[in-house]
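First comes the structure, then the notes that go with it.
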Protein chains: 2
Amino acid sequence: MLNHAALDRAFQALADPTRRAIVERLSHGARSVSDLARPLAMSLPAVMQHLALLERSGLVTSAKVGRVRTCRIEPKALSQVEAWIHARRAEWERRLDRLGDYLSELQAGGGDVGADG
Amino acid sequence: MLNHAALDRAFQALADPTRRAIVERLSHGARSVSDLARPLAMSLPAVMQHLALLERSGLVTSAKVGRVRTCRIEPKALSQVEAWIHARRAEWERRLDRLGDYLSELQAGGGDVGADG
DNA sequence: GTGATACTGAAGCTGATGCTTAACCATGCA
DNA sequence: TGCATGGTTAAGCATCAGCTTCAGTATCAC
């Protein structure tokens with residue numbers, strides 16, 4: 001399980017459109033730093049800063065061979081972010097279901113709801 | 001489908017720990033503004049700014065009855081963020097699978113890989 | 001060794017973000 | 001009518017995020 005701080009970094013990493021573009025790109029295959037930088041309208045150091053953040057967040061790993069650093073996605077971190085969102089949505093929908101059930105019951109009985117506030 | 005800008009706002013909204021705490025809280029049921037603010041170590045206006053951002057992002061909706069504004073989760077927006085992450089992870093894993101298949105084939109044949117860079 | 005390529009480090013600028021305080025408005029209630 | 005409650009607005013401030021440029025270092029090809 002991703003701890004609080006790590007989840008924090010992961011969400012923060014994904015908040016930036018450039019970094020999401022990088023993740024999207026990397027989902028199609030590992031890429032070198034300058035390869036990732038080429039289509040982006042910014043300097044190489046700027047891209048490196050994004051990559052550093054992605055790596056600190058655990059979403060991306062990289063390894064250097066010779067002078068080329070190759071970056072790739074870390075699917076585990078990605079799936080843990082996914083899990084967090086899913087859990088919140090699932091909990092909400094579970095509640096709605098229970099409320100639905102309760103309201104159905106009431107139709108055959110009587111009383112007060114207390115709703116969902 | 002969530003457009004680019006909306007997805008952007010949603011990810012940005014979730015980047016902040018306070019806002020994620022609010023979403024987490026709301027997943028257990030709708031809440032009023034001051035109710036949400038109570039456990040948070042900040043002023044009410046600060047919480048309102050977070051809520052405004054969450055609402056602009058589409059993750060949260062709210063309605064005012066009398067003087068009380070009640071906030072609730074918008075599961076659709078949440079699931080679209082979830083979908084984005086899932087798609088990236090799925091794509092990466094699909095690639096890994098194909099690469100695995102290819103490598104298996106090679107073991108029964110011969111040639112060059114071209115790997116995943 | 002020389003030059004090109006690929007990346008790295010550091011400093012600095014600018015606008016956005018997250019907060020604060022100090023008002024203020026609207027509703028509920030005695 | 002007057003006071004408490006719940007929310008809202010506006011202004012200001014400190015910090016941070018994202019970018020730039022400039023100046024490196026390491027590797028590779030010749």
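Residue numbers begin at 1 in each chain, while the letters A, B, ... track the order of the sequences.
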>> The criterion is salt bridge (charged side-chain N to carboxylate O under 4.0 Å, His left out); which residues satisfy it with A:E55, sequence neighbours excluded?
In response: none

> Base, sugar-phosphate alone, or nothing: which one does B:R38 contact when heavy atoms must sit under 4.0 Å apart?
Replying inline: nothing

Could you go through nucleotides 26-30 of chain C and list every protein N or O atom that sits under 3.5 Å from one of its N or O atoms, giving the distance for each pair?
| residue | atom | partner | partner atom | Å |
| --- | --- | --- | --- | --- |
| C:dT27 | O2 | B:R67 | NH1 | 2.9 |
| C:dG28 | O4' | B:R67 | NH2 | 3.4 |

> Can you find a side-chain donor-acceptor pair between A:S79 and B:R89 that sits under 3.5 Å?
Replying inline: no

> Checking side chain to side chain contact (heavy atoms under 4.5 Å, CB included) for the pair B:V68/B:D35: CA distance, chi angles, key distance, verdict?
Replying inline: CA-CA 10 Å; B:V68 177; B:D35 207 357; over 6 Å; no

> Taking CZ from A:R9 and C1' from D:dC16, how many angstroms apart are they, rounded to a whole number?
Replying inline: 17 Å

>> Main chain of B:A30, side chain of B:R72: is a donor-acceptor contact present, judged purely on distance under 3.5 Å?
In response: no

> Which atom names give the shortest non-hydrogen contact between A:R25 and A:P39, and what distance separates them?
Replying inline: NH1-CG, 3.5 Å

> Given that A:L53 and B:V33 both sit by DNA chain D, which one's nearest nucleotide is further toward the 5' end?
Replying inline: B:V33

> What do the steps show when you test A:R88 against A:E91 for salt bridge (Lys or Arg N to Asp or Glu O under 4.0 Å), and what is the final call?
Replying inline: CA-CA 5 Å; A:R88 303 290 97 53; A:E91 172 62 21; over 6 Å; no

> Quick one: B:D8 CG to D:dG18 P, roughly how many Å, whole number?
Replying inline: 11 Å

> Do the side-chain N or O atoms of B:Q12 get closer than 4.0 angstrom to the phosphate oxygens (OP1, OP2) of C:dT17?
Replying inline: yes

>> From CZ of A:R69 over to C1' of C:dC7, roughly how many Å is that when rounded to an integer?
In response: 8 Å

Throw together a table of side-chain donor-acceptor distances under 3.5 angstrom for residues 5-16 of chain A, partners on residues two or more places apart or in other chains.
| residue | atom | partner | partner atom | Å |
| --- | --- | --- | --- | --- |
| A:D8 | OD1 | B:R20 | NH2 | 2.5 |
| A:R9 | NE | A:R56 | O | 3.4 |
| A:D16 | OD2 | A:T18 | N | 2.9 |
| A:D16 | OD2 | A:R19 | N | 3.2 |

> Over how many whole Å does the gap from A:L36 atom CG to C:dT8 atom P extend?
Replying inline: 12 Å

> What's the shortest heavy-atom distance between B:V23 and A:W84, and which atoms?
Replying inline: CG1-CH2, 4.1 Å

> Of the residues in residues 41-52 of chain B, which ones touch DNA chain C at a heavy-atom distance under 4.0 Å?
Replying inline: B:M42, B:S43, B:P45, B:A46, B:Q49, B:H50

> Of all heavy-atom pairs between A:S34 and A:L44, which one has the smallest distance, and what is that distance?
Replying inline: CA-CD1, 4.2 Å

>> Tell me the closest heavy-atom pair linking B:H50 and B:M42, and the distance in Å.
In response: CD2-SD, 3.9 Å

> For the helix from C:dG1-D:dC30 to C:dA30-D:dT1, what angle lies between the axis at the first five pairs and the axis at the last five pairs, to 10 degrees?
Replying inline: 30°

>> Applying salt bridge (charged side-chain N to carboxylate O under 4.0 Å, His left out), can you list everything that pairs with A:R67, at least two apart in sequence or on another chain?
In response: none

